[in-house]
Amino acid sequence: MHPRLKILVIHGPNLNLLGLREPEVYGSVTQDAIDQTLQRIADEENLQLKILQSNSEGDLVDAIQAARGRFDGILINPAAYTHTSIALRDAVGAVGLPVVEVHLSNIYKREEFRHHSYIAPVAVGQVSGFGAYSYVLGLYGLVQEIDRTASCVTTSQAKRRKKK
Ligand code: DQA
């Protein structure tokens with residue numbers, strides 16, 4: 001039984017610059033605003049969130065590794081490392097937790113080098129192209145996946161709903 005799911009939210013490189021960075025691609029939303037939205041949903045859904053951002057590939061690998069046994073799932077925007085990092089992919093593959101990959105922009109509508117994700121084959125699924133709402137869809141998808149795979153699915157869902 002898991003009365004309160006623990007979710008690790010990871011923002012990859014340059015996402016700390018959201019709001020300033022290429023607004024024609026990423027919109028004017030800031031990382032802070034995304035985090036506040038996710039926290040509001042977490043409060044409603046009885047989830048515990050830890051949110052981190054790093055520009056460093058090694059720090060992201062360390063955070064994913066450290067999530068084993070401490071979190072029930074990971075929501076990640078790997079940003080540019082999506083397209084380059086076998087290390088991040090191996091960490092996701094090794095951690096043994098459900099991972100959902102999100103992107104603000106539709107990576108398949110952009111430059112060809114963004115069409116390939118090293119993370120997608122080891123993720124539960126990917127949400128791409130809905131702006132900040134990609135994170136919201138990704139969070140709900142991740143929670144649904146955790147509930148679906150948990151042996152105590154009915155109990156955990158019922159418990160969270162009761163607490164709302
Ligand atoms: C991104 C897409 C990536 O290609 C890019 O490198 C990013 C942001 C997105 O959220 O749309 O930094 O992950």
Side-chain angles (χ1 to χ4, degrees), residues 2 4-55 57 59-60 63-64 67 71-85 88-89 91-92 95 97-150 153 156-157 160-161 163-164:
H2 48 233
R4 194 160 202 233
L5 295 180
K6 292 186 186 159
I7 308 291
L8 178 62
V9 178
I10 300 179
H11 301 283
N14 301 307
L15 295 171
N16 54 317
L17 297 180
L18 284 176
L20 301 171
R21 175 191 181 203
E22 299 178 88
E24 65 290 356
V25 177
Y26 299 113
S28 56
V29 71
T30 60
Q31 189 208 311
D32 200 42
I34 293 173
D35 292 347
Q36 282 178 30
T37 302
L38 294 178
Q39 191 52 62
R40 207 188 57 237
I41 293 168
D43 294 343
E44 285 167 12
E45 297 291 326
N46 193 33
L47 310 170
Q48 190 180 323
L49 294 190
K50 178 177 177 193
I51 303 177
L52 64 89
Q53 189 278 329
S54 177
N55 295 323
E57 187 176 10
D59 287 352
L60 295 173
I64 293 167
F71 291 92
D72 298 296
I74 301 176
L75 182 71
I76 184 168
N77 183 345
Y81 292 138
T82 307
H83 320 296
T84 63
S85 180
L88 219 55
R89 176 208 180 103
V92 168
V95 73
L97 294 173
V99 175
V100 170
E101 174 187 350
V102 300
H103 300 282
L104 297 127
S105 61
N106 180 346
I107 56 174
Y108 303 100
K109 265 172 121 174
R110 300 183 62 195
E111 303 96 322
E112 201 159 337
F113 67 85
R114 295 185 203 274
H115 296 182
H116 178 257
S117 166
Y118 278 106
I119 312 302
V122 286
V124 172
Q126 184 195 67
V127 185
S128 175
F130 296 94
Y133 202 63
S134 290
Y135 283 86
V136 173
L137 295 170
L139 181 59
Y140 280 120
L142 177 60
V143 170
Q144 159 68 27
E145 176 65 11
I146 295 167
D147 281 339
R148 192 181 69 74
T149 51
V153 54
S156 92
Q157 281 177 338
R160 279 212 311 283
R161 288 203 181 109
K163 289 208 170 184
K164 279 186 200 175

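Since we're looking at a predicted model, the values are computed, not measured. Values reported hereafter were calculated over all heavy atoms of this structure, with side chains retained and with hydrogens, waters and symmetry mates removed. All residue numbers refer to positions in the sequence shown, counting from 1.
Counting only heavy atoms from C-beta outward, the side chains of N14 and R21 approach each other to under 4.5 Å. Residues I76 and I64 meet the side-chain proximity criterion, which asks for heavy atoms closer than 4.5 Å. Contact annotation: the side chain of Q53 never approaches that of D35 to less than 4.5 Å [non-hydrogen atoms, C-beta and beyond]. Contact check for Q39 versus L49: side-chain heavy atoms found under the 4.5 Å cut-off. The shortest distance between side-chain heavy atoms of R89 and P121 falls below 4.5 Å. At a threshold of 4.5 Å between non-hydrogen side-chain atoms, the residues L104 and L18 count as touching. Residues N77 and Y135 meet the side-chain proximity criterion, which asks for heavy atoms closer than 4.5 Å.
In this structure, OH in Y118 is found 11.5 Å from OG1 in T82, a value given to the nearest 0.5 Å. L38 CG to L75 CG: the interatomic distance, rounded to the nearest 0.5 Å, is 6.5 Å. A distance of 9.5 Å separates CG in L142 from CG in D147, rounded to the nearest 0.5 Å. Atom-to-atom distance recorded for Q48:CD and D72:CG is 9.5 Å, nearest 0.5 angstrom. The distance from atom CD of Q144 to atom OG1 of T149, rounded to the nearest 0.5 Å, is 9.5 Å. Separating the CD1 atom in I74 from the CD1 atom in I10 is a distance of 5.0 Å, to the nearest 0.5 Å.
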Side chain to side chain contact (heavy atoms under 4.5 Å, CB included) between L47 and L139, intermediate numbers included:
CA-CA 10 Å; L47 310 170; L139 181 59; 4.2 Å; yes
Going through the checks in order, is the side chain to side chain contact (heavy atoms under 4.5 Å, CB included) test met by L97 and L8?
CA-CA 11 Å; L97 294 173; L8 178 62; over 6 Å; no
Between T37 and V29, does a side chain to side chain contact (heavy atoms under 4.5 Å, CB included) hold up when you go through it step by step?
CA-CA 11 Å; T37 302; V29 71; over 6 Å; no
Evaluate V99 against V122 for side chain to side chain contact (heavy atoms under 4.5 Å, CB included), listing each step before the verdict.
CA-CA 8 Å; V99 175; V122 286; over 6 Å; no
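The shortest heavy-atom contact between S105 and V25 is CB-CG1, 4.1 Å. Here the shortest heavy-atom pairing between E57 and Y81 reads N-OH, 3.3 Å. Shown here for N106 and S128, the closest heavy-atom pair between the two residues is CA-OG, 3.4 Å. Minimum interatomic distance between A79 and G12 (heavy atoms only, all atoms of both residues): CB-C, 4.1 Å. Between G138 and V102, the closest heavy-atom pair is CA-CG1, 4.0 Å. Across every non-hydrogen atom of Q31 and L15, the tightest pair is CB-O, 3.6 Å.
Checked by atom type and distance alone, the side chain of E101 pairs as donor or acceptor with a backbone atom of A120 at under 3.5 Å.
Ring geometry for H83 versus H103: interplanar angle under 30°, hence parallel rather than tilted (30 to 60°).
For E112, the CD atom sits in a loose shell: 12 or fewer heavy atoms of surrounding residues, nucleotides or ligands are nearer than 6.0 Å.
When only modelled atom types and interatomic distance are considered, Q36 and D32 share a side-chain donor-acceptor pair under 3.5 Å.
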